[in-house]
Amino acid sequence: MRTATLGPAQRAESLAAMAERELDVLVIGAGVVGAGTALDAVTRGLSTGLVEARDWASGTSSRSSKLIHGGLRYLEMLDFALVREALKERGLLLERLAPHLVKPVPFLYPLQHKGWERWYAGSGVALYDGMSMARGHGRGLPLHRHLTRRHALRVAPCLKKDALVGALQYYDAQMDDARFVATLVRTAASYGAKVANRARVTGFLREGERVVGARVRDVEGGGEYEVRAKQIVNATGVWTDDTQAMVGERGQFHVRASKGIHLVVPRDRISSSTGLILRTEKSVLFVIPWGRHWIVGTTDTEWNLDKAHPAASSADIDYLLDHVNSVLAVPLTRDDVEGVYAGLRPLLAGESDATSKLSREHTVAHPAPGLVVVAGGKYTTYRVMAKDAVDEAVHGLDMRVADCVTEEIPLLGAEGYRALWNARARIAAQTGVHVVRVEHLLNRYGSMAEELLDLIVKDPGLGAPLQFADDYLRAEIVYAASHEGARHLDDVLTRRTRISIETFDRGARSAREAAELMAPVLGWDEGQIEREVEHYEKRVEAERESQLQPDDQTADAARLGAPDIVPL
């Protein structure tokens with residue numbers, strides 16, 4: 001199997017190829033479910049296309065809590081099937097499918113009541129571990145443990161002494177959600193899927209009541225394509241109802257959007273060797289280790305405004321700060337916040353008025369001949385959602401199709417990762433790249449790190465860190481444009497890297513250097529470099545302004561003050 005390169009030439013070739021002959025399956029939407037669906041379909045031997053209106057994972061799938069978890073709190077809701085399914089997927093990702101991208105992460109749960117709470121919470125965590133082990137995919141994580149208050153304060157000195165009487169510590173897993181999706185897309189392309197971002201579906205092709213294809217507009221080049229397919233899968237998340245409206249079919253369910261916001265603060269602001277999980281009146285609050293940072297989240301509120309750019313208001317930020325400060329000995333302030341991001345959960349509507357109680361389970365439907373819809377679900381169970389969507393599409397194909405094999409298909413970078421990790425000191429000596437940088441590359445690209453190291457060997461200047469964003473090498477910026485489908489500066493600073501949320505200036509000081517590194521790959525002239533930088537700066541300014549507003553309506557209006565896309 002070749003490793004696909006998602007550069008400008010490949011994108012143009014994919015669009016042309018999709019329009020040239022009928023596909024078996026066309027997937028609309030390249031979030032984690034859409035990308036997973038494309039991988040599932042192509043690895044069953046089906047000719048597959050994947051189109052995305054903006055960038056890979058530019059919606060919900062780049063704005064999550066970045067956790068791969070079984071959903072411990074769903075045990076309290078007695079949703080054992082959902083937890084069991086998610087724990088199996090967590091184990092597969094950690095051990096087989098993406099060990100380079102998915103890593104264990106510890107969480108401390110402070111106990112606030114003596115006696116009954118330790119028994120109650122301890123029973124839940126023990127069941128969580130037991131269900132994981134029973135699936136045969138739990139051996140990669142340590143089991144939970146009970147801690148005294150003194151021990152808990154040694155592990156997490158940041159906590160107020162009166163905030164707990166003891167604690168439980170357990171393990172889940174985490175990943176960079178946008179990087180995971182980009183890797184899924186490249187894996188699908190490596191198996192033969194035709195993939196294109198900045199390719200917007202503007203309508204559907206019909207023959208009678210049957211959906212037989214889609215009209216696709218090249219947002220970058222302006223061309224229009226008719227892409228015909230025997231089956232189309234609508235995997236557009238919170239845009240599901242909008243996509244359905246193009247067909248004139250209301251569908252069998254609706255998707256509501258729930259907004260969740262997260263804060264990013266420097267690692268030294270919270271003294272702890274473990275993540276934290278806290279109860280709130282509405283949900284749970286996580287404090288998640290994230291490299292040299294912490295992610296604090298999340299909220300869970302209904303959102304009926306702009307879906308492309310959900311905005312975090314001042315009230316949202318205050319909510320998170322107030323709740324996390326209730327247990328911290330040294331409280332966080334606004335000045336400690338490096339980054340803020342907001343995402344929308346696609347929840348199946350109709351079960352409850354409160355979004356935090358809407359179903360996290362997914363649904364697949366066939367609302368019209370030739371059209372499959374998949375919606376709902378959790379990031380962790382994307383592979384199961386993809387399997388169910390393709391299974392449904394197969395019913396409409398007049399051919400024998402193989403069963404799903406993605407449980408056995410490692411993502412790009414997984415094969416050879418552990419061997420290269422063991423050889424990281426030797427690799428550092430051979431390439432002249434510091435071993436800490438080699439580890440960084442291996443944990444972001446797996447065995448594909450060798451491709452970045454080759455770039456550095458050819459041009460040692462690419463081995464230097466990006467100015468004002470020391471965690472990332474210049475080679476990663478070039479590679480994002482040449483291999484990972486990045487089309488704009490925003491794609492690189494927001495999703496291929498996390499500079500936009502990991503620096504106090506939100507990446508503004510790194511923008512020009514990054515744009516200049518991308519320019520030769522994407523054929524930009526000086527004028528386009530200026531437009532890219534200006535667009536990014538306006539986006540940062542609009543986001544900052546939105547975060548000062550008191551409510552969703554004013555925050556949304558401020559965020560929409562920046563243009564959506566840079567003209568080429």
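Values below: all heavy atoms of this structure, side chains included; hydrogens, waters and symmetry mates excluded. Just so it is clear, the model here is predicted, and its values are computed rather than measured.
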* Sidechain N-carboxylate O distance under 4.0 Å for E439, R424 -> yes

* Asked: Given F468 and I499, is the side chain to side chain contact (heavy atoms under 4.5 Å, CB included) satisfied, shown in steps?
  -> CA-CA 9 Å; F468 309 110; I499 294 169; over 6 Å; no

* Asked: Going through the distances and angles, do D454 and K458 end up as a salt bridge (Lys or Arg N to Asp or Glu O under 4.0 Å)?
  -> CA-CA 6 Å; D454 287 345; K458 291 174 185 174; over 6 Å; no

* **Salt-bridge contact E451-R186 (side-chain N to carboxylate O under 4.0 Å)** => yes

* Steps toward side-chain hydrogen bond (donor to acceptor under 3.5 Å, both in side chains) verdict (H69, E89) -> CA-CA 9 Å; H69 64 124; E89 295 303 310; over 6 Å; no

* Asked: Would you call R228 and E20 a salt bridge, using N to O less than 4.0 angstrom?
  -> no

* **Shortest non-hydrogen separation from R495 to S62 and the atoms involved** => CG-CB, 3.9 Å

* **Between H262 and S65, a side-chain donor and acceptor under 3.5 Å** => yes

* **Residues K230, D24: salt bridge by 4.0 Å N-O rule** => yes

* Asked: Under a 4.0 Å N-O cut-off, is there an ion pair linking D218 with R487?
  -> no

* **Salt bridge flag under 4.0 Å for residues D176 and R498** => yes

* **Side-chain heavy atoms of L97 within contact of R383, under 4.5 Å** => yes

* **Side-chain touch D388/V374, heavy atoms, less than 4.5 angstrom** => no

* Report the C-alpha distance between E532 and R512 in whole Å, list the side-chain angles of each, state the deciding distance to 0.1 Å, and finish with yes or no for salt bridge (Lys or Arg N to Asp or Glu O under 4.0 Å). => CA-CA 9 Å; E532 293 284 339; R512 180 164 296 279; over 6 Å; no

* To do: Run the numbers on T497 and R179 for side-chain hydrogen bond (donor to acceptor under 3.5 Å, both in side chains), then give the verdict.
  => CA-CA 8 Å; T497 70; R179 171 145 302 285; over 6 Å; no

* Expected output: side-chain H535 to main-chain P563 donor-acceptor under 3.5 Å -> yes

* Structure fact -> Scanning both residues in full, the closest heavy-atom pair of L26 with A214 reads CD2-CB, 3.9 Å

* Can you list the steps and then say if R198 with D55 is a salt bridge (Lys or Arg N to Asp or Glu O under 4.0 Å)? -> CA-CA 6 Å; R198 308 286 180 186; D55 185 28; 5.3 Å; no

* Apply side chain to side chain contact (heavy atoms under 4.5 Å, CB included) to the pair R217 and Y225, showing each step before the final yes or no. => CA-CA 6 Å; R217 180 166 63 88; Y225 298 86; over 6 Å; no

* To do: Go through the steps to decide whether R437 and D470 satisfy the test salt bridge (Lys or Arg N to Asp or Glu O under 4.0 Å), and finish with yes or no.
  => CA-CA 11 Å; R437 300 290 190 183; D470 184 65; 3.3 Å; yes

* Near-ring test Y536/H488, centroid separation under 6.0 angstrom -> no

* Begin from the C-alpha positions of L46 and L397 and carry the test side chain to side chain contact (heavy atoms under 4.5 Å, CB included) through to its verdict. => CA-CA 10 Å; L46 299 171; L397 295 176; 3.9 Å; yes

* Cationic N near anionic O, under 4.0 Å, D241 to R256 -> no

* Short N-O contact, E513 and R474, less than 4.0 angstrom -> yes

* Just how far is it from atom CD of E85 to atom CE of M385, taken to the nearest 0.5 Å? -> 9.5 Å

* Structure fact -> Smallest heavy-atom separation, K259 atom then A311 atom, equals NZ-O, 2.9 Å

* Worked check of side chain to side chain contact (heavy atoms under 4.5 Å, CB included) between L453 and V433 -> CA-CA 8 Å; L453 292 168; V433 177; 3.9 Å; yes

* Heavy atoms from other residues, nucleotides or ligands near CD of E530 exceed 12 (cutoff 6.0 Å) -> yes

* Does D306 reach the main-chain N or O of L560 with its side chain, forming a donor-acceptor pair under 3.5 Å? -> no

* Is the shortest side-chain N to carboxylate O distance from E13 to K194 below 4.0 Å? -> no

* Structure fact -> Here the pair of heavy atoms bringing L39 nearest to Y191 is CD1-CD1, 4.0 Å

* Structure fact -> Interatomic distance, OG@S61 vs CH2@W56, rounded to 0.5 Å, equals 13.0 Å

* Salt-bridge test for E220 and R11: reply yes if a basic N is under 4.0 Å from a carboxylate O, no otherwise. => no

* **Contact summary for I261 and A342, nearest pair of heavy atoms** => CG2-CB, 3.9 Å

* Asked: With side chains defined as the heavy atoms from C-beta onward, is the minimum distance between Q10 and V195 less than 4.5 Å?
  -> yes

* Asked: Does any donor atom in the side chain of T494 or R539 lie under 3.5 Å from an acceptor atom in the other side chain?
  -> yes

* To do: Please round to the nearest 0.5 Å and tell me the distance separating atom CG of L411 and atom OG1 of T183.
  => 7.0 Å

* Do the side-chain N and O atoms of T3 and S190 include a donor-acceptor pair separated by under 3.5 angstrom? -> no

* Side-chain ion pair, R44 and D40, N-O less than 4.0 Å -> yes

* Give a yes or no on whether E541 atom CD has more than 12 heavy-atom contacts from other residues, nucleotides or ligands under 6.0 Å away. => no

* Are the side chains of V372 and V364 in touch, meaning some heavy atoms are under 4.5 Å apart? -> yes

* For ring pair (Phe, Tyr, Trp, His ring centres under 6.0 Å), just list the numbers for Y417 and Y445, CA-CA rounded to whole Å, side-chain angles, deciding distance to a tenth of an Å, and then say yes or no. => CA-CA 9 Å; Y417 159 70; Y445 306 92; over 10 Å; no

* Flag if over 12 foreign heavy atoms under 6.0 Å of CD, E207 -> no

* Is it true that atom CG of D525 has more than 12 heavy atoms of other residues, nucleotides or ligands lying nearer than 6.0 Å? -> yes

* Are the side chains of L462 and L473 in touch, meaning some heavy atoms are under 4.5 Å apart? -> no

* At their closest point, which heavy atom of D505 faces which heavy atom of S510, and how far apart are they? -> OD2-N, 4.4 Å

* Between Q244 and T240: side-chain donor-acceptor atoms closer than 3.5 Å -> no

* Test: K103 cationic atom under 6.0 Å from F180 six-membered ring centre, within 45° of axis -> no

* Is the closest side-chain heavy-atom distance between Y379 and K66 below 4.5 Å? -> no

* To do: Could you tell me whether the side chain of T43 reaches within less than 4.5 Å of the side chain of T406, counting heavy atoms only?
  => yes

* To do: Identify whether the distance between the nearest side-chain nitrogen and carboxylate oxygen of E543 and R559 falls below 4.0 Å.
  => yes

* Answer yes or no: is there an ion pair linking R54 with D491, defined by an N-O contact shorter than 4.0 Å? => no

* State, yes or no, whether a side-chain contact exists between L6 and E484 at a heavy-atom distance under 4.5 Å. => no

* Going from CD on E476 to CG on L452, what distance comes out if it is rounded to the nearest 0.5 angstrom? -> 6.5 Å

* Structure fact -> CD1 of I529 to CD of E516, rounded to nearest 0.5 Å, is 5.5 Å

